[in-house]
Amino acid sequence: MGDQGLGTRLREAGVRRGDLIGLAIAPDGAVAVAPRASSGTPADGLMTTAGQVAQADEEIRPRWVTWSQETARQLIAAGVRVSTCWDVAAVHRLIYGGWRADPGWAWAHLRGLPLDKVPADNGKDNLIPDLFSSEPTEAPDPVAADGYLEPTFARGGWARTPEALRKWARLAGEAAEMQRSAVERIATAHSESTAELLCAELAADGLPVLLSALEELLADLIGPRPRSEQEAHVIRAARDAEVLKHASPGFPADLRSPVQVKTMLSAAGVDVPDTRAWRLEPLADGSPLVKALLEWRKAERIATTYGYSWLDANLGSDGRLRGGWTGSDGAAGRMTASAGLHNMPAMLRRAVIAEPGHLFVRADLGQIEPRVLAAVSGDRALAQATQNDDMYLPVGQELGVDRPTAKVAMIAAMYGQTTGHGGEAARRMRKAYPVAMGYLDDGDRNARNGNDLRTYGGRLVRMSQGGSPAQVAGRGRYGRNALIQGAAAELFKMWAVTVRARGNDLGAAIVLCLHDELLLHVPEENADQAVRLLADCLAETARRWAPRGDVRFIADISVVRSWSDAKAG
DNA sequence: TGCGGCTATTG
DNA sequence: CACAATAGCCGCAG
C-alpha cells in the first residue's frame, strides 16, 4: 500500500483533472489529502508527503483545496509547487467581501451561522490529546457541537495527530464545495485562488536586484553607507543644513515637521496652505529656500524609506528583493506588495537587473481601465473604440474634442470628478456612451445609498450605511471606481495565472505583478518565445474573461536587461 | 504605545 | 490632484 504513489491511488479512486481535493500540511511537513467522499477513497482522507503531492499534481493536476495562502507557503518551504488551487480564504473574500477570511469566519458564512457568535481564539489548545497518556486518543472534531469551527484548528493545534490533519483537509474540501455553489463565476474563483499560489511564489523567490548597482545609486542620491550611527547623524545634519542656510535667521525649523516648515516658509515670505510638493513646485524658481527644501525632500525620502536599512532588511544575500504579497486588498481586489515592491522610485529600478544568462520580459496593459469599462458595461460604441491602439483618438472624434480633453472626460467619469463638474465634454460623453456612463452612475448611486456592489467577475464590494454628505459623496466615487479597478484586477490576475501556468516550459518566472504590468525573468534564449507567450495569454484571457469578444485588450511587451529600460529590444 | 495627519512614491 | 496602495515621521491622546 505504502509503495503505491499518491497519483496512482487518486486516479484509481476516480480523481480527475480539475477535481477538488482538500489538502492540509502540518508544521512538521506531514500532509493529508481528502478527495470527495463519492470518489471512493477513505472518507477520512489519507496521509502522504509533499513530494507525493508534487507527483500527483503532475500526473493528474487536480485542484488542491487550501484554507489560505499559508498552505502554499508551507508547500513551497517543503520544495513543492502545485499547479492550481481553490483557496477558501480568497474565494470567501470574493463572495462575501471584506478582509477577514480565517477558516472559522468563512465556515460560519457558508453554514449561515450568526456572525456575532463566531468563537474567538482564546489561545488555548483545549483539544490537544495528552501525549503522555497511554490511553488511545480519538482525534477531535474540527466542527463543534454548535456548528462553528473549533478555533484551535485554524491555529495549528490539529497538526499533532494524523486523524485531525485528515479531518482538517476534508473540511477544506467541504468548504470549497459549498463555496462553489455560491460563487457567481467559477473562472474568477479559480484565478483568484491560483493568484494566491503566485503570491506565495513571489514572496519566496523575490525580485532580482544587482546589489552593487543599487549601492551605487544610493551613494549618488544620499551618500555612501554610513559606517556608524554617529556618521549617519552627521550626514543627516549636513543635509538639513543645506536647506536651513536659506531660511531666515531665528527660524530654525525641524524639516520633518510640516507645521514648522510652513512657519519657516512663511517667515521667508512664502505663504502656502500646505507644503506638498505640487504646491511648492511653481515657487521653486523664485525661492532658493523652496528649491532646497524640495531637493531635501527627495533625498530624505530615499534615505528613510529606500535607504541602506531598507536594502538590508529586504534584499537577500542571493540578490533577491523580497516582500509579502496579498492576492486581493480590502477594497477592489488588487494585489498588494510590501517592502516597496509596488512603489519603488523609478530611479532605483535601474538596479533591478536580470541575472546572468537571463533577461526580463516586461508587459503592461494599455489603457486597461477604459477598456475594462467597455467590457463590463457592455457598451457597444465604447467597445468599438477599443479596436484602436489608442482608444482616446476615436473617443475624441466621437465627442468632437481633442484627445487630451477626451481622456480627462473619460477619467473623470471613471473616478468621479469633484471639481468643475464635467462641462460640455461630459454631456457629450453621456450621449455617445450611455450604456457605459449608466453603468458608472448605477454604481455611484448604489454606493451612496449604502448598497453593496458586485464587480463583473463577481467580487462583492461592501458599502456601509450612513455618514455625512461628504462621506456619502466619497462613497459614490469609491463605488464607481471599485467596479472598474476591481474588474481590471480580475482580468489582470487571470492573465497572470495563465502566464504562470504556460511559462513553465520556457523557464519563465513571474517576478513582479504591478496592477497592469507583468515582469518575467527568462533564460535569454527563450525571451522571444516569452514575448509571444504574454501576447497569446492575453488574447486567451480576454476571450475567457469577456466572452463577447468585442473589446480589444492590448499589451506593450518588451525584452529588457533592466526593469527601467522601457523599450529596449 | 497607538493612531490620525502629512508627505512621498507607485499604478 | 479624482481612484487605489505602502511607508515613514510628527504630534497628540491615553
Side-chain angles (χ1 to χ4, degrees), chain A residues 99 207 221 236 240 253-263 272-282 293-307 309-310 313-314 321 323-349 352 362-370 372-373 407-422 426 440 443-444 447 453 455 461 470 473-489 492 512-519 556 563-564:
Chain A
W99 174 249
L207 179 68
L221 295 165
R236 219 168 80 131
D240 292 4
D254 179 352
L255 298 176
R256 291 158 193 84
S257 165
V259 180
Q260 292 187 46
V261 168
K262 196 160 166 254
T263 309
V272 279
D274 60 66
T275 73
R276 289 183 173 88
W278 63 266
R279 213 185 279 282
L280 293 174
E281 212 76 62
L293 176 66
L294 289 171
E295 283 168 11
W296 177 90
R297 282 254 180 89
K298 286 216 177 292
E300 180 73 3
R301 163 86 174 142
I302 300 287
T304 53
T305 307
Y306 299 99
S309 56
W310 165 73
N314 302 297
L321 186 64
W325 288 78
T326 66
S328 72
D329 64 34
R334 295 213 295 197
M335 293 173 78
T336 63
S338 63
L341 288 161
H342 272 181
N343 50 358
M344 193 188 302
M347 179 81 65
L348 298 186
R349 296 182 179 193
V352 178
R362 176 187 183 276
D364 65 285
L365 302 175
Q367 302 172 338
I368 184 60
E369 293 196 336
V372 159
L373 172 60
K407 182 176 175 178
V408 166
M410 181 69 73
I411 288 172
M414 289 188 299
Y415 292 169
Q417 182 175 275
T418 50
T419 53
H421 268 295
L440 293 169
D444 192 297
L453 308 175
T455 65
V461 179
R475 267 207 324 259
R477 291 195 301 273
Y478 174 95
R480 172 185 287 263
N481 182 251
L483 292 174
I484 302 305
Q485 196 186 97
F492 175 81
L512 199 77
C513 294
L514 195 39
H515 309 315
D516 63 352
E517 178 179 349
L518 274 177
L519 195 64
D556 182 28
W563 185 20
S564 63

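Note that this is a predicted model, so its numbers are computed, not measured. Throughout, protein chains are lettered first and strands after them, A, B, ... in sequence-line order, and every chain is numbered starting at 1.
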Whole-Å gap separating [atom2] ([N]) and [atom1] ([X]):
X: Arg477(A); N: dA4(C); atom1: CZ; atom2: P; value: 9 Å
X: Ile484(A); N: dC3(C); atom1: CD1; atom2: P; value: 15 Å
X: Asn481(A); N: dA2(C); atom1: CG; atom2: P; value: 12 Å
X: His515(A); N: dT9(B); atom1: NE2; atom2: C1'; value: 11 Å
X: Asn343(A); N: dT9(B); atom1: CG; atom2: C1'; value: 5 Å
X: His342(A); N: dA8(B); atom1: NE2; atom2: P; value: 22 Å
X: Glu517(A); N: dT9(B); atom1: CD; atom2: C1'; value: 15 Å
X: Met414(A); N: dA4(C); atom1: CE; atom2: C1'; value: 13 Å

Just call it for [X]: base, sugar-phosphate, or nothing, with non-hydrogen atoms closer than 4.0 Å on any strand.
X: Ile411(A); value: base
X: Asp364(A); value: nothing
X: Ala482(A); value: nothing
X: Arg480(A); value: nothing

Contact between Arg256(A) and Glu300(A) at the side-chain level, heavy atoms closer than 4.5 Å - yes or no?
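They are in contact (side-chain heavy atoms under 4.5 Å apart), so the answer is yes.
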Side chains of Leu321(A) and Val352(A) in contact at under 4.5 Å (non-hydrogen atoms):
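The answer is no, as the side chains (C-beta and beyond) never meet within the 4.5 Å cut-off.
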So which nucleotide from [options] ends up closest to the side chain of [X]?
X: Arg256(A); options: dC10(C), dA8(B), dG11(B); value: dC10(C)
X: Lys298(A); options: dT6(C), dT9(B), dG11(B); value: dT9(B)
X: Asp329(A); options: dA5(C), dC3(C), dT7(B); value: dA5(C)
X: Arg276(A); options: dG11(B), dA8(B), dC10(C); value: dA8(B)
X: Ser257(A); options: dG11(C), dG11(B), dT7(B); value: dG11(C)
X: Ala346(A); options: dT10(B), dC1(C), dG11(B); value: dT10(B)
X: Tyr478(A); options: dC3(C), dT7(B), dT9(B); value: dC3(C)
X: Thr275(A); options: dT7(B), dT9(B), dG11(B); value: dT7(B)

Could you give the distance from NE2 (His515(A)) to CD (Gln485(A)), rounded to the nearest 0.5 Å?
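Taking NE2 in His515(A) and CD in Gln485(A), the distance rounds to 8.0 Å.
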Any chance you could measure Asp444(A), atom CG, to Arg480(A), atom CZ, to the nearest 0.5 Å?
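Those atoms lie 4.5 Å apart.
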Between [X] and [N], is there a side-chain N or O to OP1/OP2 distance below 4.0 Å?
X: Arg301(A); N: dC6(B); value: no
X: Thr305(A); N: dT6(C); value: no
X: Gln485(A); N: dG11(B); value: no

Main-chain N/O of Met344(A) paired with Arg349(A) side-chain donor or acceptor, under 3.5 Å:
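Confirmed, Arg349(A) side chain pairs with Met344(A) backbone.
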Indicate yes or no for a side-chain donor-acceptor contact from Thr275(A) to the backbone of Pro258(A) under 3.5 Å, with no hydrogens or angles considered.
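No; judged by distance alone, with no hydrogens or angles, the pair does not exist.
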Let me spell it out: for each of Glu300(A) and Glu369(A), pick the nucleotide of DNA chain C with the closest heavy atom. Which residue's pick is nearer the 5' end?
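Counting from the 5' end, the first nearest nucleotide belongs to Glu369(A).
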Arg279(A) vs Thr336(A), nearer the 5' end of DNA chain C by closest nucleotide:
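The 5'-side residue here is Arg279(A).
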Is a donor-acceptor pair below 3.5 Å formed from side chain Arg334(A) to base dA5(C), judging by atom type as modelled?
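By the distance-only test, no, there is no pair.
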